[in-house]
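First up is the structure itself, then whatever we jot down about it.
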Amino acid sequence: MIILHANRKLSGANGPFELALDLTIQKGEMLALYGPSGAGKTSIIRMIAGFLKPDKGEISVDGETWFNGGMNLNLPTRLRSIGMVFQEYSLFPNMTVRGNLTFALPKGEKESWVDEMLDLVDMSAFSERRPKFLSGGQKQRIALARALVRKPKLLLLDEPLSALDFAMRAKLQQDILLLHKRLGLTTILISHDFYEVKKLANRVIIIEEGKVIRDGKVDEVLRDPFQ
Amino acid sequence: MDFTPFWITIKLAGITTLALFIIGVPLAYWLAFKPKKYKVMLEAVVAMPLILPPTVLGFYLLVFFSPENFLGAFFEEYFNLRLVFTFEGLVVASIFYSMPFMVQPLQSGFRSVPETLVEAAYSLGKSTWHTLVRVILPNMSGAILSAGVLTFAHTIGEFGVVLMVGGNIPGMTQVISISIYDEVEAMNYGLANRYSLILLIFSFLTLFLIYLFNYKNRKSLSFL
């Protein structure tokens with residue numbers, strides 16, 4: 001279970017505002033953060049990852065405290081069990097596809113797990129290629145596999161599919177869903193795509209100006225814009 | 001033609017480059033990623049040798065390195081090392097003199113590595129050191145090459161600092177630029193010309209190779 005109780009001052013296009021969260025996320029949930037640009041969605045993910053320090057509050061995952069303002073505790077990113085996929089792929093250009101995954105492998109883990117992950121995202125045939133010789137969709141599949149090599153408790157996806165075309169998006173949505181279920185992950189996904197949220201998430205939170213406007217099951221919270 | 005001044009120069013430039021790389025990487029990393037107080041002042045200090053007349057820098061180093069003064073006495077007492085009119089002194093002086101040529105390219109190299117690559121490495125559970133060695137440095141190889149070659153080449157061309165701190169001791173501190181000056185003084189223009197020509201060709205080739213490498217590197221990076 002993830003407890004996310006944090007505040008942080010942010011500056012947006014309409015001036016400063018405060019991100020104020022009080023959420024509990026159950027293990028195995030696929031939570032979508034939905035809302036306009038600049039509402040603070042990425043800041044939420046960055047706070048969980050440890051890249052952005054909340055002004056106050058507490059973040060804990062499965063009983064382990066990652067941040068506690070009162071106790072002045074702020075666990076460094078590398079000690080937080082997360083997998084993160086960025087919009088801009090962020091694969092290491094100096095390593096091959098396999099190198100990128102092996103880099104993420106914790107000490108003592110068997111390399112056969114890398115092969116398994118490559119198989120899961122259907123990229124074994126490309127393992128010796130450099131990232132620059134891959135398409136956008138292939139890069140993002142590798143980024144997803146790399147994020148999961150260390151078997152994190154929490155998968156953070158920051159608009160991972162927004163740069164991809166429709167067909168590739170559909171394929172990757174399947175990959176995300178499959179991996180989420182197979183590895184028993186808790187996943188937080190930022191998306192602007194209504195259908196993507198509907199397809200992937202079982203809970204959605206609408207954020208505006210740093211505040212949770214609505215929170216609930218996808219069907220209850222979101223209404224199809226074309227109906 | 002006596003090649004000793006060349007060997008002394010190359011040895012000096014090689015050791016200086018290596019030492020400056022070891023000092024320059026953490027310094028440039030700090031300047032690039034930790035914009036805290038004192039940063040501007042430190043940047044100005046690092047850049048000083050770019051505009052300071054080498055004789056001024058050499059003069060102060062000569063004073064500080066003198067066994068009469070604290071720093072010189074400290075090195076002599078604890079390391080049995082005399083820094084005036086010795087090769088070791090030249091190395092230390094060159095480290096100060098060539099510092100901006102190592103630190104500035106490395107600093108812009110550090111800034112050129114996309115932040116998300118660094119964040120991706122941290123999110124994969126890697127330490128700052130691991131990220132530096134495996135992700136950041138390999139992705140700024142152009143900047144490392146520029147920094148190394150510029151430092152090496154700049155040290156080769158030293159004159160004022162070397163003359164002040166090292167004197168002009170043949171076989172010990174007489175580097176190539178001072179040899180040229182000596183030969184001109186003695187009106188041996190032929191030898192001065194040969195020495196100079198070698199330095200001229202070396203300088204051109206150095207810069208040509210850096211630009212060529214960086215041009216090719218930029219082309220390959222544009223695929224990303």
Side-chain angles (χ1 to χ4, degrees), chain A residues 42 45-46 48-52 75-96 99-109 129-136 139-140 142-160, chain B residues 21 25-26 28-30 32-37 105-148 210 212-224:
Chain A
T42 295
I45 280 199
R46 293 181 65 78
I48 298 171
F51 295 133
L52 185 70
L75 205 65
T77 300
R78 67 189 169 87
L79 299 178
R80 301 183 183 204
S81 178
I82 52 165
M84 201 162 172
V85 180
F86 305 81
Q87 190 181 338
E88 55 277 81
Y89 318 123
S90 302
L91 295 177
F92 306 125
N94 57 313
M95 302 175 198
T96 60
N100 266 274
L101 268 68
T102 312
F103 176 83
L105 202 65
K107 263 186 197 157
E109 285 281 334
R129 284 204 194 174
R130 296 263 169 179
K132 67 181 175 187
F133 297 113
L134 301 176
S135 71
K139 280 182 194 169
Q140 209 54 312
I142 294 305
L144 182 64
R146 185 183 67 178
L148 296 173
V149 162
R150 64 186 294 217
K151 300 176 187 165
K153 286 181 181 162
L154 191 55
L155 177 62
L156 304 169
L157 307 171
D158 188 357
E159 293 188 55
Chain B
F21 183 73
V25 166
Y29 181 87
W30 188 82
F33 292 133
K34 309 246 189 275
K36 297 264 166 67
K37 47 185 178 178
L106 286 181
Q107 199 181 335
S108 37
F110 279 123
R111 287 200 190 115
S112 72
V113 176
E115 210 183 334
T116 53
L117 286 190
V118 179
E119 290 186 344
Y122 291 156
S123 78
L124 295 169
K126 302 303 165 193
S127 63
T128 309
W129 172 252
H130 200 92
T131 305
L132 176 73
V133 174
R134 293 284 316 277
V135 176
I136 302 175
L137 291 178
N139 284 304
M140 51 181 267
S141 51
I144 293 174
L145 182 81
S146 295
I210 293 185
L212 187 72
F213 180 84
N214 279 344
Y215 175 72
K216 287 196 165 165
N217 218 21
R218 263 202 303 278
K219 265 177 103 176
S220 72
L221 277 173
S222 66
F223 279 107
L224 283 172

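Values below: every heavy atom of this structure, side chains too, minus hydrogens, waters and symmetry copies. So you know, we letter chains A, B, ... as the sequences are listed, proteins then strands, and number each from 1.
Looking at A/Ala49, neither its backbone nor its side chain comes within 4.5 Å of chain B, counting heavy atoms on both sides. The contact between A/Ala147 and chain B is made entirely by backbone atoms, counting heavy-atom distances below 4.5 Å. When heavy atoms are compared at a cutoff of 4.5 Å, A/Leu134 does not approach chain B at all. Residue A/Leu79: no heavy atom, backbone or side chain, is found under 4.5 Å from chain B.
Rounded to the nearest 0.5 Å, atoms CD (A/Glu88) and CG (B/Leu117) are 9.0 Å apart.
Within the 3.5 Å criterion, the main-chain N or O of B/Arg134 finds a donor-acceptor partner in the side chain of A/Asn94. Distance alone, capped at 3.5 Å, is enough to place a donor-acceptor pair between the A/Arg150 side chain and the B/Ser123 backbone.
Atom CD of B/Glu115 is surrounded by 12 or fewer heavy atoms from other residues, nucleotides or ligands within 6.0 Å.
Comparing A/Arg146, A/Arg130, A/Met84, A/Arg80 by heavy-atom pairs within less than 4.5 Å of chain B, the highest count is held by A/Arg146. Put simply, of B/Leu124, B/Thr128, B/Thr131, the one with the most heavy-atom pairs under 4.5 Å next to chain A is B/Leu124.
Looking at heavy atoms from C-beta onward, B/His130 lies out of side-chain contact with A/Arg78 at the 4.5 angstrom threshold.
What you find for B/Ala120 and A/Ser90 is that their closest heavy atoms are CB-O, 4.0 Å. Nearest heavy-atom pair across B/Val135 and A/Phe103 is CG2-CZ, 3.7 Å.
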